Amino acid sequence: MNASTRTDARQMRRVVVASLIGATIEWYDFFLYGVVAGIVFNKLYFPGSDPLISTMLAYGTFAVGFLSRPLGGVIFGHFGDKLGRKSMLVMTLTIMGIATMLIGLVPTYAQIGIWAPVLLLLLRVLQGIGLGGEWGGAVLMAFEYAPKEKRGYYASIPQVGLALGLCLASGVVAFLSYTLTNAQFLAWGWRVAFFLSVGLVAIGMYIRLNVMETPEFAKIKKAGAEIKIPIAEVLTKSPGNVLAGMGARFIDGVFFNIFGVFSIAYLTQTLKLSQTEALTGVMAAAFVMIFTIPFFGKLSDRIGRTRIYFWGSLATGLSSFAGFWLMKASGGNVMLVWLSIVIPLGVIYASVYGPEAALFSELFDAKVRYTGISFVYQFSGIFASGLSPIIATYLLQKNGGEPWMICIYVLVAGLISALSAAWIGSRKRRQNVWHGAGVTEH
């Protein structure tokens with residue numbers, strides 16, 4: 001290995017670590033809100049005589065974060081395609097860290113009345129804007145640095161940040177729930193989890209400031225080939241890819257927020273498990289994803305991204321039936337409950353989330369890639385991710401506490417995503433034939 005190759009390998013490792021750690025911190029901040037929404041915010045910030053209404057209002061502010069994510073995606077995507085990926089990632093990390101710390105400082109409804117949920121709402125909007133710009137930049141730093149034949153694998157590593165972030169968020173809250181009394185946890189314990197974000201952000205900032213711009217964007221910048229208004233270019237030149245990407249994203253958003261967020265409230269309120277037991281199940285699934293996400297990313301390099309995504313979408317949609325059936329049939333057996341979350345979320349869902357970053361990145365030219373993938377991922381998240389806990393809570397109530405209407409909802413999402421992936425694959429094959437490149441697709 002010559003000196004140049006060693007330098008490139010060292011830079012690749014640095015970029016991957018920077019993307020992974022930054023993404024982990026961002027997802028920790030974002031999901032921490034979701035983890036506590038159904039067990040803390042519904043009591044302290046949305047009190048009422050009807051627990052269902054309180055919980056739905058708490059999940060409503062959770063959904064607002066998804067509403068603001070497209071705004072962050074467009075803003076930071078625009079400047080990321082014009083000024084560079086690295087500088088935007090530093091800004092998004094700062095925004096997320098400040099918003100998360102301030103959430104931990106917001107007084108309760110009993111202390112300041114209506115201003116409590118209003119402040120929560122505003123800070124949740126800031127979180128959404130930060131994460132809206134974060135995801136695309138973190139993915140592109142790894143994707144654009146990686147060799148073309150390994151882009152599925154390297155682009156999946158920042159995706160592991162979701163698993164690590166959720167693992168940290170649920171793990172910290174589970175630890176605090178276990179070590180504190182319920183009164184202590186509600187009084188001040190949950191705030192500790194939000195304050196921890198400050199230290200994590202400092203670490204992430206140090207690492208991100210020591211990476212270079214991606215080679216692909218550096219070439220665009222050197223040639224002066226930046227697009228004036230990237231979002232206009234994306235929507236007018238690639239509308240089919242935008243719609244197909246949003247459709248493919250549907251199962252990801254729906255499934256993750258049903259099993260990673262809504263399941264905590266379902267297990268504690270309907271099946272009467274303790275907070276610690278429910279959170280431990282989600283944390284275990286997140287831990288397993290640390291290994292399964294890069295596995296499926298690497299597999300997509302070998303046998304094709306759309307192929308993995310098609311079958312993964314179908315399997316993920318169907319797995320919700322098995323997961324909820326096992327939860328109900330567990331008879332309170334905690335190991336069975338954990339299994340009902342770990343296999344669908346930790347293993348099967350990773351077949352979608354692993355190849356997703358590379359799949360979306362390949363839909364757009366490098367000149368508008370930050371904007372394109374951010375818009376696809378974040379705009380579809382309004383419907384797929386943000387509304388799913390609310391829809392699931394409503395369907396559960398409507399069906400007398402039975403989860404099967406939720407499972408049908410998840411299955412429909414899986415079918416939409418599978419058909420979208422198939423369309424992307426067929427379009428790639430046609431383009432390869434037109435360009436005389438055979439029919440191989442990634």
Side-chain angles (χ1 to χ4, degrees), residues 1 5 8-24 27 135-167 211 214-216 245 248-249 251-252 255-256 285-316 319 342-364 369 373 376-377 417-418 420-422 424-425 428-429 432 437-442:
M1 184 182 291
T5 303
D8 289 345
R10 190 161 52 245
Q11 182 64 19
M12 184 74 237
R13 285 195 297 271
R14 187 180 296 167
V15 166
V16 167
V17 170
S19 295
L20 174 60
I21 290 180
T24 299
W27 283 118
W135 182 83
V139 162
L140 289 188
M141 287 295 288
F143 178 85
E144 292 182 349
Y145 256 103
K148 290 187 183 296
E149 70 277 7
K150 295 181 179 179
R151 282 182 158 179
Y153 170 67
Y154 280 111
S156 72
I157 294 178
Q159 299 285 78
V160 174
L162 174 141
L164 288 170
L166 179 61
C167 196
V211 298
T214 72
E216 277 197 68
R249 163 88 161 96
I251 184 61
D252 162 24
F255 191 86
F256 182 85
F287 179 78
V288 171
M289 271 196 285
I290 294 170
F291 307 97
T292 53
I293 287 173
F295 169 79
F296 283 107
K298 191 169 188 176
L299 192 62
S300 77
D301 284 325
R302 298 185 61 184
I303 66 176
R305 272 178 263 296
T306 56
R307 193 173 293 119
I308 294 289
Y309 208 96
F310 174 84
W311 291 109
S313 296
L314 293 179
T316 302
S319 70
V342 169
I343 293 177
L345 182 59
V347 180
I348 301 174
Y349 165 76
S351 65
V352 171
Y353 201 67
E356 182 181 67
L359 179 73
F360 291 175
S361 295
E362 289 167 349
L363 289 173
F364 303 99
R369 191 175 284 149
I373 67 171
V376 162
Y377 190 85
S417 293
S420 299
I424 293 171
K428 282 186 177 182
R429 287 189 290 271
N432 285 335
V439 295
T440 302
E441 66 87 11
H442 287 294

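Computed from a predicted structure; not experimentally measured.
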Can you name the closest pair of heavy atoms from [X] and [Y] and give their distance?
X: Ile424; Y: Gly245; result: CD1-N, 4.4 Å
X: Val376; Y: Arg249; result: O-CG, 4.5 Å
X: Ala357; Y: Ala155; result: CB-O, 3.5 Å
X: Ile293; Y: Ser156; result: CG2-O, 3.5 Å
X: Leu359; Y: Arg305; result: N-CD, 3.5 Å
X: Ala248; Y: Tyr309; result: O-OH, 2.7 Å

**Residues which pass ring-ring contact (aromatic ring centres under 6.0 Å, His included) with Tyr353, listed by chain and number, not counting sequence neighbours** = Tyr349

**Asked** Considering residues at least two apart in sequence or located in another chain, which fulfil the ring-ring contact (aromatic ring centres under 6.0 Å, His included) criterion with Tyr377?
**Response** Trp135

Min side-chain heavy-atom separation [X]-[Y] under 4.5 Å:
X: Ile303; Y: Ile308; answer: yes
X: Val352; Y: Ser417; answer: no
X: Leu162; Y: Phe256; answer: yes
X: Gln159; Y: Phe296; answer: no

**Asked** When the aromatic ring centroids of Phe291 and Phe287 are compared, is their separation below 6.0 Å?
**Response** yes

Rounded to the nearest 0.5 Å, what separates atom [atom1] in [X] from atom [atom2] in [Y]?
X: Ser351; Y: Ile251; atom1: OG; atom2: CD1; result: 9.5 Å
X: Met289; Y: Leu345; atom1: CE; atom2: CG; result: 4.0 Å
X: Phe143; Y: Lys148; atom1: CZ; atom2: NZ; result: 7.0 Å
X: Asp252; Y: Glu356; atom1: CG; atom2: CD; result: 4.0 Å
X: Arg307; Y: Trp311; atom1: CZ; atom2: CH2; result: 11.0 Å

Give a yes or no answer on whether the side chain of [X] reaches the backbone of [Y] with a donor-acceptor pair at less than 3.5 Å.
X: Thr292; Y: Val347; answer: no
X: Ser19; Y: Val16; answer: no
X: Thr316; Y: Ser313; answer: no

**Item:** Test side chain to side chain contact (heavy atoms under 4.5 Å, CB included) applied to Ile290 and Leu164, step by step
**Value:** CA-CA 7 Å; Ile290 294 170; Leu164 288 170; 3.3 Å; yes

**Request:** Keeping to residues at least two apart or across chains, list the salt bridge (Lys or Arg N to Asp or Glu O under 4.0 Å) pairs with something in residues 151-161.
**Result:** Arg151-Glu216

